[in-house]
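So you know, we letter chains A, B, ... as the sequences are listed, proteins then strands, and number each from 1. Since we're looking at a predicted model, the values are computed, not measured.
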Number of protein chains: 2
Amino acid sequence: MSFKKITKEDIEHFQTILDTRYVMTDTEHLERCSGDHTEDLRYLPEIVLQPGTTAEVSTIMAYCNQQLIPVTARGAGTGLSGGALPVYGGVVLDMKRFNKILYVDKRNFQVTTEPGVITQELQEHLKAEGLFYPPDPASKGSCFIGGNVSENSGGPRAVKYGVVKDYVLNIELVLPDGNIIWTGANVLKNATGYNLTQLIVGSEGTLGIITKIVLRLIPAVKHDLTLLVPFRSAFEACAAVNAIFLGGYTPSALEFMERDALEWSMKFTQSTGVHLPEDIAAHLLIEVDGNHMDELYRDAEAISEIVQKFDIGEVLFADSAEQKNMLWTLRRKVGEAVKSNSIYKEEDTVVPRAELPELLQIIKRIGAEYGFQSVCYGHAGDGNLHVNIVKGTMSDEDWNGKLTLGIRELFKEVVRLGGTISGEHGIGLVQKEYMDIAFNDTQTMLMKQIKHVFDRNGILNPGKLFVGA
Amino acid sequence: MSFKKITKEDIEHFQTILDTRYVMTDTEHLERCSGDHTEDLRYLPEIVLQPGTTAEVSTIMAYCNQQLIPVTARGAGTGLSGGALPVYGGVVLDMKRFNKILYVDKRNFQVTTEPGVITQELQEHLKAEGLFYPPDPASKGSCFIGGNVSENSGGPRAVKYGVVKDYVLNIELVLPDGNIIWTGANVLKNATGYNLTQLIVGSEGTLGIITKIVLRLIPAVKHDLTLLVPFRSAFEACAAVNAIFLGGYTPSALEFMERDALEWSMKFTQSTGVHLPEDIAAHLLIEVDGNHMDELYRDAEAISEIVQKFDIGEVLFADSAEQKNMLWTLRRKVGEAVKSNSIYKEEDTVVPRAELPELLQIIKRIGAEYGFQSVCYGHAGDGNLHVNIVKGTMSDEDWNGKLTLGIRELFKEVVRLGGTISGEHGIGLVQKEYMDIAFNDTQTMLMKQIKHVFDRNGILNPGKLFVGA
């Protein structure tokens, strides 16, 4: 890629588009926008721009496209695949001023929002209106809804309610040439032309800049109930996941945590809420929800009976807000806890659900072979297992060399099982070297050509998704 | 478009790929493949080919691509927008031999099927295994699942369970150059590259030939219950739709039928099952489903109470198989009944659900202004209203001229309400002249360029989706 470096003239031009306080070149701002939550990677942008309107984004894009200046959109910087890293420098388009919920259409169960709204704040705003937007990534307290759309995020509730793509009806998108389009219509059914909306969801900022999002909503659910089930074998915990579904139950969350994940999270959050006997190898955290408490107790009892057939410890029923909050905080903090414990890489494997026990065995076998330790946890109900590989005492040479071969072998097995290399974190920067395992040359060429249709000059989030991009 | 006409040499070449009985040029077969269920349109292909394997499709495509012979894939020919019409002649690729359900993966709630399986047969096969594939277009007894995927079909149950796109995980696709790809992976969550799967769903055979489909399934639902609610005002019936959702209920079907629709269907099916007092203007057909009969009775009672606030006649509760079958047959036969009654055009309007009463008023106002009679019915729960415009005594001149202007005005209003010009029938041949109402030049150009990425020579289903295509 050959991009233009930003000059004094460019900066002055940006200052004609935005108020000078939104045109930032000071070290503090450049450094703030140099990283996200992916490992410890850092890439400095040359400038940070904070537009506040679609028209401003359009003007900036048209200029950068004409000048061949790379543009990387940034949400809250909580991504785990390096999607927001400005690897070629250039402009970081910091979307934090797009922070308004524009219109809650209660009659139609829809919301129109700007992309810089924090996901949890959006959810709480809607809940107060009796409406429910289910996708809730672990970072929901700080991530932006625009980032969630760009990465097609999931979260624990995907197992019952689906992922982000299942809620996006329509997107206002600024193309690199400054043109502004809506990708679809605000309707539940649409058979009108190609599905541009679903092409943008999960496209990681490589096709356009998202400036408005229309989401469909569902009625708020009144009650939920959480169970924590300890297993003496991690493989049995994975096997129990499928038994629950085959029993006819669809929990609203079905999370798996290896012992280390829970233990580290307890240490990290200084929690003593869960008793962790020495013989426990893993837990399932199971939530059921609905509008009638009696039905939830009935379902929880039935699920309890199903898991009793496995070698488990004492099931913890949580029905108070305090207990539920304690358990879910532990689950949500696993990622940060692992990060605080060691340098690590997180792989986002996903397979058809019933292949989970085999996947776990494969992970441990490859770990033994390539000499790495892993802590696994994730959305077992979706077959989506996060594999946190901890560096521990591994040499830098092995970490950067041999380990990569181990990850390749793991992803090959994932694909063999009918799965793929990212369930919800995206490809971004750090997984692109494995894309050839998921896609052959024909598939890759189609995707690259679609990229070219939207972004002829390749200025949008360059260096992502494709090797050589 | 400048395509090659099929020669004797081409026919001989096709006979080297397929057994001669699957290479058809006789009048009977050409005529059978010259139309679908769209008005009375007929376009003769030059040849009908019936491949039986993906490899055969690949070889045929590579040859046609090289020779510039147009190829139009054909399912069961039940489409309502002319998607299967070979408007430039050439090859009709008749997919009826792709009629095998390849693998029911009960452990993972998935099925892999060929595209030429009849939708209802697929559903019944799965039901026997305790599995449920919900999308059920009115033509389910004869349409193919491949056609459903190509048009992103819906049906009555979309209101609760979503449309075809919500169930397609992965597609085996033959590209025009003969390359064979899978579009995704067999997983519930996928953040790996652009969503090619959703790009193919609803692309109406213009991007590739679908040869295998992987669908996600849900556990079979045990019970359902149907209500028929007569309204003295059609507008009140539309308003009641939203009241039901705002009351917190999501029926598994919520269908609207104007009086004429039901009356004509009763006549067509020689049914006397429904008493139709003179003051009734429209009906809502409402289904609730679930695993506990007591809950269904409770929900049906609650819905009944909500609709009592409108000016309605006597509610008919149907809980016997016979009664339910009678009501649903009447609903499913409306389209055929209208067709048997007069020459007609069917518009597939869709708006945000709460805008339905306004849409119905607009349809009647425009009808009065442009002098056409309409019979409206459809999936009110999704805001998807089929507008059957009957020719009746309208002159051919008005039918082909003035009426088109009326439809344009209708679609403009639909888009103004946040809706679009097709909810589930697709654009195909007959709606392409209205695409400029739904999409501006930028959007259209993006779609045309995506088409070009897949089909450089434009041989796949030419003449569809875009004016001038």
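V351(B) touches chain A through its backbone: at least one of N, CA, C or O sits under 4.5 Å from a heavy atom, while the side chain does not. Of the two parts of H452(A), neither the backbone nor the side chain holds a non-hydrogen atom closer than 4.5 Å to a non-hydrogen atom of chain B. Residue contact with chain B, scored on non-hydrogen atoms closer than 4.5 Å, involves the backbone and the side chain of Q443(A) alike. For N190(B), the parts lying near chain A are the backbone and the side chain together; criterion is any non-hydrogen pair under 4.5 Å. Neither the backbone nor the side chain of Q431(A) has a heavy atom closer than 4.5 Å to any heavy atom of chain B.
Residues Y194(B) and T206(A) form a side-chain contact, since some pair of their non-hydrogen atoms from C-beta on lies under 4.5 Å apart. A 4.5 Å side-chain heavy-atom check between I218(A) and F245(B) finds every atom pair outside the cut-off.
No side-chain donor-acceptor contact under 3.5 Å links N186(B) to the backbone of G419(A). With hydrogens and angles ignored, the 3.5 Å screen pairs no side-chain donor or acceptor of E424(B) with any backbone N or O of K189(A). Between the side chain of N108(B) and the backbone N or O of R353(A) there is at least one donor-acceptor pair closer than 3.5 Å.
The environment of CG in D294(B) is crowded: more than 12 heavy-atom neighbours from other residues, nucleotides or ligands sit within 6.0 Å.
The residue among A220(B), G130(B), G193(B), G162(B) with the most heavy atom pairs within less than 4.5 Å of chain A is G193(B). Between chain B and the options E204(A), H292(A), R216(A), E151(A), the largest number of non-hydrogen pairs under 4.5 Å is found for H292(A). Contact count versus chain A (heavy atoms, under 4.5 Å) is highest, among A158(B), P352(B), G202(B), P219(B), for P352(B). Among N291(B), L207(B), L169(B), V214(B), the residue with the largest count of heavy-atom pairs under 4.5 Å with chain A is L207(B). Chain A forms more heavy-atom pairs under 4.5 Å with one residue of L188(B), I421(B), D382(B) than with any other, namely D382(B). Most heavy-atom pairs under 4.5 Å with chain A: of the set G154(B), S422(B), A438(B), this distinction falls to S422(B).
When all heavy atoms are compared, the tightest approach of K106(B) to L246(A) is O-CD2, 3.7 Å. Across G418(B) and A185(A), no two heavy atoms sit closer than the pair O-CB, 3.9 Å. Between N440(A) and I180(B), the closest heavy-atom pair is ND2-O, 4.5 Å.
Going from atom CG of L175(B) over to atom CE of M445(A) covers 12.5 Å, rounded to the nearest 0.5 Å. The OG1 atom of T192(B) sits 14.0 Å away from the OH atom of Y434(A) when rounded to the nearest 0.5 Å. Rounded to the nearest 0.5 Å, atoms CG (L446(B)) and CG (L173(A)) are 8.5 Å apart. With rounding to the nearest 0.5 angstrom, the CD atom of Q198(A) is 12.5 Å from the CG atom of L196(B).
Using a cutoff of 4.0 Å between basic side-chain nitrogens and carboxylate oxygens, R298(B) and E295(A) are scored as salt-bridged.
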Verify side-chain contact (heavy atoms from CB on, under 4.5 Å) between N195(A) and K165(B), making sure each step is shown before the conclusion. CA-CA 10 Å; N195(A) 197 334; K165(B) 84 166 169 47; 3.8 Å; yes
